[in-house]
There are 2 protein chains.
Amino acid sequence: MSGISPRSVQRQHARRNGEEGAGSGRAGPARARGDRIALGYLTDHVGYVVRRAQLAIFKDFIETMEPVAIRPAQYSVLIVIDQNPGLTQAELSRALAIKRANLVGMLNELERRKLARRVASPSDRRSHALHLTANGRRMLARFHRRALEHERRATRALDPGERRLLLDLLGRVARSLG
Amino acid sequence: MSGISPRSVQRQHARRNGEEGAGSGRAGPARARGDRIALGYLTDHVGYVVRRAQLAIFKDFIETMEPVAIRPAQYSVLIVIDQNPGLTQAELSRALAIKRANLVGMLNELERRKLARRVASPSDRRSHALHLTANGRRMLARFHRRALEHERRATRALDPGERRLLLDLLGRVARSLG
DNA sequence: TATTGTTATACTCTATAACTATA
DNA sequence: TATAGTTATAGAGTATAACAATA
């Protein structure tokens, strides 16, 4: 544990301007106009803080990639296919924790845009070997340049060591729950 | 910047087992059975790493709170009402970045369960002053105990200083994108 | 029997527009 | 004219069940 406990929650739980027993029906504006809203110990919950950061980062990523029409999940799929040419949909599904069923539409779209291809596997006729097209690799390089621009913006408040540390800490959290 | 660059991306872009020019139609199993799938530089993107951590944390939170039927957003709403008795729905909406329209159903549910109440505001008859009921405060204390249990699990891979550091780094990232 | 890709479907979250009543 | 709460609705993203083909 670390800094959060029932005791500290109690302490942080400030009773504002004498408001008491609202359940009994007392009304009245409990706060003066313009007062800032306190999030309290919510900002001490890793889940909340991670969520807010994730939303801010994705918002910037989506805006950055909007001109090339690539969503976060599509970008991750393209990278994993590029790094593992010939992998199957089931393997891709497991690697990215995307349900097999939900990959179908994504791959249809990537094929439609001539970025990726399903190739019949000769060894196992149930599965498809996934590849980027030559065009897909070319486009992925362009996507990278934009994604890097986003990455710089997303981590501009951190120095290189802090950025690395953040990735490490988050990785440990995810693995420990995995 | 910090450790990620077009150059490093190039370097990491390994061409596995001689696979080349998949766009031209070459098939064949590009990977031996049982090979691990490489995520490559995906794990160097703060967006991807934050997203995976957030999913793992929320999964544990949702499972932990399932017996008391509280979702992450509901928990955050209860905390902010508790910390700011009498605040309006619009204020709550802004504080948590939840759209006004999407708060309506949530508050209906919390009222139905006798955890929170909308009280007519005398000063501005358009708005509602939000309060926890006495029961709501009692229940929130129970929710806290479970949430703390979750928090311990989610950050068990970190020491207290690392946990604090993680919250700080994420806060800076979110604020810098704000 | 188990697995692969697929379809159909549902549920949650989130986003927008429009309405009403107030300010 | 703008804001608060509400309704209705649409779009993502994600989840499950079931099926045909194949292992």
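Letters go in sequence order (proteins before strands), and every chain restarts at 1.
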*In whole angstroms, how far is the C1' atom of C:dT4 from the CG atom of A:Asn102?*
15 Å
*List the steps, then state whether side chain to side chain contact (heavy atoms under 4.5 Å, CB included) holds for B:Val46 with A:Leu158.*
CA-CA 12 Å; B:Val46 72; A:Leu158 313 180; over 6 Å; no
_B:Lys59/B:Glu63 salt bridge by N-O under 4.0 Å criterion_ = yes
_Length of the CZ-P vector between B:Phe58 and D:dG13, whole Å_ = 17 Å
*Measure the distance from CZ on A:Phe61 to P on D:dG13 and round it to the nearest whole Å.*
12 Å
*asked:* Using a heavy-atom cut-off of 4.0 Å across all strands, would you classify A:Ala101 as base, sugar-phosphate, or nothing?
replied: base
*Of the candidate nucleotides C:dG5, C:dT14, D:dG5, which contains the atom at the shortest distance from the side chain of B:Thr88?*
D:dG5
*Does a side-chain N or O from A:Arg94 land closer than 4.0 Å to OP1 or OP2 of C:dT3, or not?*
no
*How do A:Ser127 and A:Leu55 order along DNA chain C: which one's closest nucleotide is nearer the 5' end?*
A:Ser127
*Separation of B:Lys99 atom NZ from C:dA18 atom C1', in whole Å?*
16 Å
*asked:* Could you check whether B:Arg118 and B:Asn108, counting side-chain N and O atoms only, form a donor-acceptor pair closer than 3.5 Å?
replied: yes
*asked:* At 4.0 Å (heavy atoms only), tell me whether B:Arg100 reaches a base, stays on the sugar-phosphate, or touches nothing.
replied: base
*Take the protein atom CD of A:Gln89 and the nucleotide atom P of C:dT3, then report the distance between them rounded to whole Å.*
17 Å
*Can you tell which of C:dA2, D:dG5, D:dA15 lies closest to the side chain of A:Arg126?*
C:dA2
*asked:* Can you work out whether A:Arg71 or A:Arg125 has the more 5'-proximal nearest nucleotide on DNA chain D?
replied: A:Arg71
*Atom pair distance, as rounded to whole Å: NE2 in A:His128 and P in D:dA21*: 13 Å
*Taking the six-membered ring for Trp, are the ring centroids of B:Tyr41 and A:His144 within less than 6.0 Å of each other?*
yes
*What integer distance in Å separates A:Leu103:CG from D:dG13:P?*
13 Å
*Expressed in angstrom and rounded to an integer, what is the separation of B:Glu91 atom CD from D:dA4 atom C1'?*
11 Å
*Which one, C:dG5, C:dC13, D:dA4, comes nearest to the side chain of A:Arg51?*
C:dC13
_Test log, rule ring pair (Phe, Tyr, Trp, His ring centres under 6.0 Å), inputs B:His45 and A:Phe61_ = CA-CA 11 Å; B:His45 283 311; A:Phe61 182 91; 7.6 Å; no
